[in-house]
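Just below is one structure, and these are the notes that go with it.
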Amino acid sequence: MVGGIFSVGYTAFSVTEFTDVLKRFGIGLIADVRSKPYSSRYKEYDRENLSYVLAGHGIIYRHYAKEFGAQQTERRFFSGGYLDFEKFARSDSFRDGMAKIQEAVERGYSIAFLCAEKNPANCHRSILVSRAFRDVGYDVKHILQGGATESQEDIDAQLLDEYFPDRMQMSLFDMKTDAELLVEAYRNRNAEIGYRPEEINHDFANDRLYEKIGPAVF
């Protein structure tokens, strides 16, 4: 039996809606990719509260800040003052995280990457994490508000349309393949949402610092 991979943004759901949608998709493992698993506005999604609720529904909770969190601090992963997703995706920590998730999927678990943002196209869970899994052959589905889903390929199309709406009219001298443009599109989004240590995001500023719990172990 082989499971599947999803992603979900918790601000799209009440906790009851959240657990209902997880059960509808057969998700048995939440992989929390927030660097800080706490929220000033959605206390029900604080790590302890959420893990307790999920356990009551037979769903496993694991925190993957070291492996997949957006607020990495090692300077070698930065370009232009922000976290470079391509660099971090090649790191040992990220690859270790991928191996853990792949093992869980092979054991039959359907997992969902959890973060706050409703729109996966604006969140590192899609632009960094899910993209990496799609690129090694996984069919990643993003759960949207209301319970609909879109694929990573849908995200690709959105990014191409946003950054290169006139790509069909490019001259022969400027012509690039969609694959080449897609790499640029992901880099553009990375530059927009990548963590900048000197700029404190509103949510991060209001979130509490969390205790050091070490890397996730499936």
Side-chain angles (χ1 to χ4, degrees), residues 4-9 31-37 62-105 111-142 150-165 167 170 174-201 203-204 215-216 218:
I5 296 180
F6 298 82
S7 95
V8 62
D32 190 343
V33 299
R34 294 176 292 174
S35 290
K36 298 181 177 73
R62 294 289 184 268
H63 187 214
Y64 284 83
K66 178 180 179 181
E67 297 88 346
F68 300 135
Q71 285 187 287
Q72 302 298 321
T73 57
E74 291 189 52
R75 304 308 300 183
R76 62 194 174 101
F77 299 136
F78 284 69
S79 296
Y82 59 87
L83 181 69
D84 186 320
F85 291 168
E86 291 178 16
K87 287 183 178 179
F88 182 60
R90 294 191 293 269
S91 70
D92 290 341
S93 293
F94 192 91
R95 294 300 177 182
D96 286 347
M98 289 191 71
K100 293 172 187 175
I101 295 299
Q102 289 170 315
E103 178 184 356
V105 172
I111 72 97
F113 298 121
L114 172 74
C115 205
E117 172 62 46
K118 292 180 183 180
N119 183 354
N122 294 330
C123 184
H124 85 286
R125 74 178 187 274
S126 168
I127 304 303
L128 169 61
V129 185
S130 297
R131 179 192 182 192
F133 279 89
R134 186 278 305 280
D135 287 349
V136 295
Y138 288 91
D139 180 21
V140 183
K141 298 294 185 184
H142 302 284
E150 61 185 8
S151 67
Q152 192 66 27
E153 287 71 27
D154 292 326
I155 303 296
D156 293 350
Q158 292 174 36
L159 294 177
L160 284 174
D161 288 343
E162 178 175 346
Y163 292 112
F164 303 104
R167 61 188 180 279
M170 288 181 177
D174 297 326
M175 185 64 70
K176 294 182 180 179
T177 67
D178 274 4
E180 291 171 324
L181 292 175
L182 188 60
V183 171
E184 291 187 27
Y186 271 97
R187 288 173 177 168
N188 289 341
R189 183 63 103 230
N190 181 180
E192 292 177 356
I193 69 172
Y195 171 59
R196 289 172 166 81
E198 72 281 5
E199 297 176 7
I200 304 300
N201 176 278
D203 281 343
F204 291 144
F218 177 72

If you measure from [atom1] on [X] to [atom2] on [Y], what distance do you get to the nearest 0.5 Å?
X	Y	atom1	atom2	result
Glu86	Ser91	CD	OG	13.0 Å
Thr73	Phe78	OG1	CZ	7.0 Å
His124	Gln72	NE2	CD	8.5 Å
Leu181	Tyr186	CG	OH	13.5 Å
Ile101	Ile111	CD1	CD1	4.5 Å
Glu150	Ser7	CD	OG	8.5 Å

### Query
Which residues satisfy the side chain to side chain contact (heavy atoms under 4.5 Å, CB included) test with Arg95, sequence neighbours excluded?
Met98
### Listed partners of Ile193 passing side chain to side chain contact (heavy atoms under 4.5 Å, CB included), at least two apart
Phe85, Ile127, Arg189
#### Entry: Asp96 side chain to Ser93 side chain, donor-acceptor N/O pair below 3.5 angstrom
no
What pair of heavy atoms forms the shortest contact from [X] to [Y], and how long is it?
X	Y	result
Gly97	Phe68	C-CZ, 3.3 Å
Tyr195	Ala70	CB-O, 3.2 Å
Pro197	Gly81	CD-O, 3.9 Å
Lys66	Phe88	O-CZ, 3.6 Å
Val136	Gln102	CG2-NE2, 4.1 Å
Gln158	Ala121	OE1-CB, 3.7 Å

### Query
For Tyr82, which residues count as a ring pair (Phe, Tyr, Trp, His ring centres under 6.0 Å) partner, sequence neighbours excluded?
none
Is the shortest side-chain heavy-atom distance between [X] and [Y] below 4.5 Å?
X	Y	answer
Asp156	Arg134	yes
His142	Asp154	no
Lys176	Phe164	no
Ile155	Pro120	yes
Val129	Tyr64	no

### Message
I'd like to know if Arg125 pairs up with Glu117 as an ion pair, taking the criterion as any Lys NZ or Arg NE/NH1/NH2 lying under 4.0 Å from an Asp or Glu carboxylate oxygen.
### Response
no
Expected output: side-chain [X] to main-chain [Y] donor-acceptor under 3.5 Å:
X	Y	value
Asp135	Ala132	no
Asn190	Leu83	yes
His63	Arg34	yes
Gln152	Ser126	yes

### Message
So, applying ring pair (Phe, Tyr, Trp, His ring centres under 6.0 Å) with Phe113, which one of Tyr138, Phe6, Phe133 is it?
### Response
Phe133
